There are 2 protein chains.
Amino acid sequence: MNEVAAKSKGDSAQPRKLSRAARRQQLIEATIETIAERGYARTTLTDVANRAGLSHGLVNFHFETKEKLLTETLVFLSEEYRANWVAALAAAPDTPAQQLDALIRADFNPEICTSARLAAWCAYWGEAQCRPLYQEHCGSNDAEYFRAMLGICERLASEGRYGYNPTLAARVLRVTLEGVWLDMMTMNTPYSRAEALTTVYACAAAFFPHHFTLDGPKPAEGA
Amino acid sequence: MNEVAAKSKGDSAQPRKLSRAARRQQLIEATIETIAERGYARTTLTDVANRAGLSHGLVNFHFETKEKLLTETLVFLSEEYRANWVAALAAAPDTPAQQLDALIRADFNPEICTSARLAAWCAYWGEAQCRPLYQEHCGSNDAEYFRAMLGICERLASEGRYGYNPTLAARVLRVTLEGVWLDMMTMNTPYSRAEALTTVYACAAAFFPHHFTLDGPKPAEGA
DNA sequence: TCCCATTTTGAATGATCAGTCAATATTCTG
DNA sequence: CAGAATATTGACTGATCATTCAAAATGGGA
């Protein structure tokens, strides 16, 4: 992605040919940006191509149809999202509080949580024709995410002897994360990432007060 | 609305002429259903008119342009939503727990929380061109909603002597409600309203355990 | 009943846009 | 370097769709 990003920024430095994969990636990035700026409904292949500094015939050359371009863009977003939280979990210490913290912070990773990506996600959620598509391509990722969240909540619940059903805690945390993302899109005075993070920590602290405060996980504690 | 709904259901019972307001309302309902079924991007005036059993020229007669039709549909949804929660608050007992319960339940009122309306909201959220529009027409309603939610949370916080910042509790409750709505759209095994309600109650119970359980507000209690 | 204002229809118009393709440019291979 | 393979361009085509408008239908009032 760095290679492509670097190339696509420079106005005239475009190499005539890029590897097949790099060119496709460049067009997918342009698609995300176009959806964010113009909306899904008014995104045209010419827009996407122009944004990438290419001619629109090329989009059909690489993706065959507009529909396939939009599908592959969604798949890319979904995989990128998944890879991000999986990596965050792997990098965090294996205590449930640190794992939940990593999962929460992953959602606000500046690489993932850009305004263009938020807008594109929101557009896909809203497109009815995309719903079967979404479930086909992203449903398994969502399910995996929820299992991860649930496993962490179960460990927290047993450690902290909380009275809550961990399934409900996991569900509330997930919808809170989703809702905050949506809020960042629709509010007229959009929050900063820091405010968004505090909101989610407030939720975590409400469910797991032995483990979390508004500032994040407590240093170290048993039950 | 009842008059229009009744008329629009019957296939042949359409009176040739309806009052201006009733016809417009009928077209707005058809717009919501069309957006839900076909998506915002693929909604055409002919679709909307056909769904209402009318000719497409009539849409322009009543709304002048497609854009104005879509704008007025959004404004209708926003006003309908607002009227619903305002009425629910007015009808509920004036204790903070009952008020919060009313506000939560209002979101799942079967008249408001239909799959077509959820899908239409989601489509509008996702349309970039609608964002300035949304804030212009719905921003004040959203702000009013948040003030109501915050007021209730402040009363609960002082009654229950909870340690939380009521602003954060209000924000988490609001994003949880939004997130649950979004979930009802995007999940492949969509929850029932009852499950959605339990999820939100779990959130309320986490923040206000003296006042709420997973089944709703506790019968009656002081601090 | 006969007008007149209003509503409704659907054919015609013009703009937009996805997809095609022949021509051209570029890179790779031998 | 020659020639093949691949990538890129942009003019063209056909389909779709918002908008216009003249004609027809309707209902209300005199």
Side-chain angles (χ1 to χ4, degrees), chain A residues 3-4 7-8 10-31 34-35 37-73 123 127-130 133, chain B residues 3-4 7-8 10-28 30-31 34-35 37-73 123 127-130:
Chain A
E3 179 198 4
V4 179
K7 300 286 167 94
S8 70
D11 269 19
S12 52
Q14 289 266 357
R16 181 63 182 222
K17 251 172 134 171
L18 229 49
S19 81
R20 205 174 179 79
R23 186 66 85 206
R24 286 168 61 92
Q25 187 55 40
Q26 180 190 15
L27 287 167
I28 284 175
E29 291 287 344
T31 303
T34 304
I35 291 175
E37 182 178 311
R38 309 245 310 149
Y40 190 100
R42 304 201 309 179
T43 290
T44 71
L45 294 188
T46 304
D47 288 332
V48 172
N50 285 348
R51 183 172 285 271
L54 301 166
S55 75
H56 77 263
L58 200 57
V59 181
N60 282 305
F61 177 78
H62 281 289
F63 289 93
E64 298 182 59
T65 67
K66 184 184 185 184
E67 197 185 330
K68 286 185 183 175
L69 170 67
L70 291 166
T71 301
E72 297 216 34
T73 300
E127 259 318 291
Q129 71 185 114
C130 293
L133 184 72
Chain B
E3 180 199 3
V4 179
K7 301 285 167 94
S8 71
D11 270 20
S12 52
Q14 289 266 355
R16 182 62 182 222
K17 252 172 134 173
L18 227 50
S19 79
R20 207 175 177 78
R23 187 65 87 207
R24 285 167 62 94
Q25 186 56 40
Q26 180 190 14
L27 287 167
I28 284 175
T31 303
T34 304
I35 291 175
E37 182 177 311
R38 310 246 308 149
Y40 189 100
R42 304 201 309 180
T43 289
T44 70
L45 294 189
T46 303
D47 289 331
V48 171
N50 286 348
R51 183 172 284 271
L54 300 167
S55 76
H56 71 266
L58 201 57
V59 183
N60 282 305
F61 177 77
H62 281 290
F63 290 93
E64 298 183 58
T65 67
K66 184 184 184 184
E67 196 185 332
K68 287 185 184 175
L69 170 67
L70 291 166
T71 301
E72 297 216 33
T73 300
E127 260 319 291
Q129 71 184 117
C130 293

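All chains are named by letter (A, B, ...) in the order of the sequence lines, taking the proteins before the strands, and each is independently numbered beginning at 1. Please read all numbers here as calculations on a predicted model, not as lab measurements.
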Review point. Is the shortest side-chain N/O distance from B/Arg23 to OP1 or OP2 of C/dT8 below 4.0 Å?
Key: yes
Exercise for review: May I ask you to test the B/Leu54-B/Gln26 pair for a side-chain heavy-atom distance under 4.5 Å?
Suggested key: yes
Revision key, fill the gap. Between B/Leu27 and B/Ala52, the two heavy atoms sitting closest are CD2-CB, 4.1 Å
Check your understanding: In whole angstrom, what separates A/His62's NE2 from C/dA18's P?
Key -> 17 Å
Review point. Phosphate oxygens OP1/OP2 of D/dT6: is one of them under 4.0 Å from a side-chain N or O of A/Arg20?
Key: no
Check your understanding: Over its full length, what angle do the end axes of the helix from C/dT1-D/dA30 to C/dG30-D/dC1 make, each axis taken from five pairs and the result rounded to 10 degrees?
Key -> 10°
**Study point:** Where protein sits on nucleotides 11-21 of chain D, one letter per nucleotide: B base, S sugar-phosphate only, - none, heavy atoms under 4.0 Å
**Key:** B-----SSBB-
Review point. How close do A/Val48 and A/Ala30 get, heavy atom to heavy atom, and via which atoms?
Key: O-CB, 3.6 Å
Point to revise | Residue pair A/Glu127, A/Leu133: steps toward the side-chain contact (heavy atoms from CB on, under 4.5 Å) verdict | key: CA-CA 10 Å; A/Glu127 259 318 291; A/Leu133 184 72; over 6 Å; no
Point to revise | Close side-chain approach of B/Asp47 to B/Glu37, heavy-atom, < 4.5 Å | key: no
Point to revise | Between C/dG19 (C1') and A/Leu58 (CG): distance, integer Å | key: 14 Å
Exercise for review: Could you tell me whether the side chain of B/Phe63 reaches within less than 4.5 Å of the side chain of B/Ile28, counting heavy atoms only?
Suggested key: yes
Practice item. Heavy atoms only: give me the nearest B/His62-B/Arg24 pair and the separation to one decimal. Key: O-NH1, 2.9 Å
Point to revise | Separation of atom CG in B/Asn50 from atom C1' in C/dT8, rounded to whole Å | key: 14 Å
Practice item. Could you check A/Ile35 against A/Leu70 for side-chain contact (heavy atoms from CB on, under 4.5 Å), going step by step and ending with a plain yes or no? Key: CA-CA 10 Å; A/Ile35 291 175; A/Leu70 291 166; 4.0 Å; yes
Point to revise | Interatomic distance where CG belongs to B/Leu54 and C1' belongs to D/dA24 [whole Å] | key: 16 Å
